[in-house]
Amino acid sequence: MRRLLLLLIFAGVAFQYYNRDQHIDLTPEVNLSDWAVKLTQTSPSKKGTKKLVCPDDHYVSVNHDLSEASCRQRTQL
């Protein structure tokens with residue numbers, strides 16, 4: 001599998017080297033602003049998300065495995 005991957009990499013480099021005068025581009029043209037708009041839109045599959053808002057003298061404490069979160073009171077040193 002490694003040999004096949006290395007062969008494909010070297011074949012791609014050789015293709016780009018020998019065909020650079022013909023201006024052949026194998027990469028697709030992608031408009032990044034369209035992708036940015038799609039990624040910033042909220043997906044309808046996230047209906048189960050909840051928001052935790054704590055009072056001013058509290059902070060959000062998250063469990064080490066990210067399974068739960070709670071509000072804890074701030075302490076002053």
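These numbers were taken from a predicted model, which means no experiment stands behind them. Position 1 is the first residue of the sequence, and the numbers go up from there.
Crowding of Asp56 atom CG: a count of heavy atoms from other residues, nucleotides or ligands under 6.0 Å not exceeding 12.
Minimum interatomic distance between Cys54 and Val60 (heavy atoms only, all atoms of both residues): SG-CG2, 3.6 Å. Scanning both residues, Tyr59 and Gln73, for their nearest heavy atoms gives CE2-O, 3.8 Å.
Separating the OG1 atom in Thr75 from the CG atom in Asp57 is a distance of 11.5 Å, to the nearest 0.5 Å.
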